[in-house]
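In the text below, chain A, chain B and the rest are named by the order of the sequence lines, each starting its count at 1. Note that the structure is a prediction, hence the values are computed from the model and not measured.
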There are 2 protein chains.
Amino acid sequence: MSVMRAAASGLADQAGHRPSAARERILATASRLFYSEGIHAVGVDRVIAESGVAKATLYAHFTSKEELVAAYLAQASDEWQQWMRTSLERAALPPGESVLAVFDLVGERFQAPGFRGCPFINAAAEFPGPGRVTERIDAHRTRVRDLFAGLARSAGAAGPESLADTLTMLYDGAMISAQLDGRPAAAQDAREVARGLLAAA
Amino acid sequence: MSVMRAAASGLADQAGHRPSAARERILATASRLFYSEGIHAVGVDRVIAESGVAKATLYAHFTSKEELVAAYLAQASDEWQQWMRTSLERAALPPGESVLAVFDLVGERFQAPGFRGCPFINAAAEFPGPGRVTERIDAHRTRVRDLFAGLARSAGAAGPESLADTLTMLYDGAMISAQLDGRPAAAQDAREVARGLLAAA
DNA sequence: ATTATGACAGACAGGTCTGTCTACAATCAA
DNA sequence: TTGATTGTAGACAGACCTGTCTGTCATAAT
């Protein structure tokens with residue numbers, strides 16, 4: 001059975017889906033559209049059309065639109081974590097500097113064309129209730145906070161847990177300012193405030 | 001003509017609409033639904049039904065749904081400004097304390113039942129492009145920033161303009177944390193950071 | 001008394017939404 | 001060859017979307 005082969009050879013992704021060109025095209029198209037135009041504003045017909053896939057194929061891979069949205073967020077979170085970790089590792093900075101480097105890294109993204117804020121904050125605005133989407137948002141929030149907590153701990157800061165909350169808050173605030181005010185420099189502002197907090201801790 | 005009378009007697013609102021029970025019911029219902037469930041998730045039929053109004057009446061007062069959304073945001077911004085100003089005036093604090101009081105005030109809102117973040121941040125997530133909605137968002141952002149800039153200037157802080165940007169960023173970050181992490185204490189965290197910034201300036 | 005206004009109820013059009021279904025083609029393994 | 005898998009194409013259902021329209025009624029100014 002090919003599923004077993006795929007799993008045995010490590011080709012399945014973490015959710016157990018084996019790689020499929022159609023699935024990846026759907027997810028890539030959905031990610032682009034959901035992020036740039038909003039989720040409720042984009043119908044599945046649009047995703048179908050722009051990914052060149054049959055409707056039945058989409059519903060074979062994702063049981064509902066909400067599931068597709070959850071997959072979009074899961075992928076975005078994975079990519080964020082991958083990018084953050086490898087970037088920080090490659091820089092090989094002392095722990096205190098790594099905290100600040102996070103703000104430099106997101107600052108670059110603020111200037112990228114098509115930047116429209118945080119996918120998770122945006123999704124939260126559209127999906128109030130509990131559900132798959134909210135689960136993915138919560139999971140990502142935990143990842144961000146854990147990243148800061150780990151870096152703060154490595155830096156030997158006093159009260160790394162509470163500091164992580166504050167750093168996450170700065171991170172969010174910078175994102176909002178970059179998105180709503182078109183002010184990518186918010187990343188540097190946040191970085192400066194973070195520097196002060198680290199020095200005090 | 002009654003419109004002239006209404007205008008002459010000062011009964012017209014700032015957009016030139018004269019007070020109308022139906023209009024107010026529509027706007028109140030739309031505000032409640034848009035804020036709590038998201039904008040694209042609520043159709044005009046729903047607003048009609050729950051405000052007990054005829055569809056023709058809604059479209060007599062608002063040319064389109066987008067216009068209704070813009071009116072919702074305009075009203076939310078007006079109420080925010082009114083509430084902020086009167087609260088700060090009533091407290092009659094020294095300027096430096098007033099800046100911090102802003103965070104105390106929003107902190108109270110974070111705990112209010114039904115709190116679901118900032119209406120403007122949420123709306124921005126759903127309305128990417130330029131348009132009436134984005135205009136109202138920008139206008140409100142300016143109000144928030146101007147409030148901080150004015151208070152910072154009164155407090156005699158160095159670089160009140162740049163400080164206003166940073167304070168707005170903290171304000172946004174606290175709102176996001178309260179909404180997404182269910183952490184109303186973010187207001188106090190932001191307040192503490194703001195206190196440090198003011199002391200340094 | 002007449003006219004104007006505002007609001008009511010609700011049908012209607014034309015489109016889009018999500019999700020299901022049937023039928024057919026291509027690939028590949030047994 | 002045969003059968004399983006995966007994908008494509010597109011019709012279809014039923015609900016909901018925004019926005020328009022007709023017609024009725026109550027109120028109130030002229």
Side-chain angles (χ1 to χ4, degrees), chain A residues 1-9 11-13 16-30 33-34 37-72 126-127 131-133, chain B residues 1-9 11-13 16-30 33-34 37-72 126-127 131-133:
Chain A
M1 200 177 182
S2 68
V3 169
M4 291 180 60
R5 274 198 300 101
S9 48
L11 293 175
D13 67 20
H17 304 290
R18 83 184 115 149
S20 146
R23 187 178 196 277
E24 280 168 26
R25 248 184 307 156
I26 294 167
L27 203 42
T29 305
L33 294 177
F34 288 162
E37 305 188 19
I39 296 170
H40 286 324
V42 174
V44 291
D45 281 344
R46 183 92 185 285
V47 177
I48 305 292
E50 298 203 19
S51 57
V53 137
K55 205 173 214 181
T57 305
L58 186 150
Y59 279 99
H61 286 288
F62 307 95
T63 63
S64 67
K65 185 189 177 181
E66 186 179 8
E67 210 64 41
L68 175 58
V69 175
Y72 146 60
E126 299 205 57
F127 291 80
R132 307 275 205 202
V133 174
Chain B
M1 200 179 183
S2 69
V3 169
M4 290 181 60
R5 273 198 305 98
S9 49
L11 293 175
D13 68 19
H17 305 290
R18 84 182 113 151
S20 145
R23 187 177 196 276
E24 279 168 25
R25 247 183 308 153
I26 294 167
L27 203 42
T29 305
L33 294 176
F34 287 162
E37 304 189 19
I39 296 170
H40 286 324
V42 174
V44 291
D45 281 343
R46 184 92 184 283
V47 177
I48 304 292
E50 297 203 19
S51 57
V53 134
K55 205 171 214 181
T57 304
L58 187 149
Y59 279 100
H61 286 289
F62 307 95
T63 62
S64 68
K65 185 187 177 182
E66 187 180 6
E67 209 65 40
L68 174 60
V69 175
Y72 147 60
E126 298 205 58
F127 291 80
R132 306 275 206 203
V133 175

Any residue meeting side chain to side chain contact (heavy atoms under 4.5 Å, CB included) with A/Glu37, in chain and number order, not counting sequence neighbours: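 Only A/Leu33, A/Val42, A/Arg46 meet the side chain to side chain contact (heavy atoms under 4.5 Å, CB included) criterion with A/Glu37.
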
Contacts of B/Ala70 that satisfy side chain to side chain contact (heavy atoms under 4.5 Å, CB included) - sequence neighbours left out: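 Applying side chain to side chain contact (heavy atoms under 4.5 Å, CB included) to B/Ala70 gives B/Arg132, B/Arg136.
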
Nearest-Å distance for atom pair NE2/C1', residues A/His61 and D/dG7: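 To the nearest whole Å, that distance equals 8 Å.
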
d(CD1, B/Ile48; C1', C/dA7) in whole Å: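 Rounded to the whole Å, the gap is 12 Å.
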
Under 4.0 Å protein heavy-atom contacts per nucleotide of nucleotides 8-23 of chain D, with B for base, S for backbone only and - for none: BB-------SBBBB--

Steps toward side-chain contact (heavy atoms from CB on, under 4.5 Å) verdict (A/Ile48, A/Thr29): CA-CA 9 Å; A/Ile48 305 292; A/Thr29 305; over 6 Å; no

Inter- and intrachain pairs under salt bridge (Lys or Arg N to Asp or Glu O under 4.0 Å), touching residues 51-64 of chain A, at least two apart: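 Passing the test, one end in residues 51-64 of chain A: A/Asp45-A/Lys55.
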
Taking every non-hydrogen atom, the tightest pair across B/Phe62 and B/Ala71: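 For B/Phe62 and B/Ala71, the tightest heavy-atom pair comes out as CE2-CB, 3.7 Å.
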
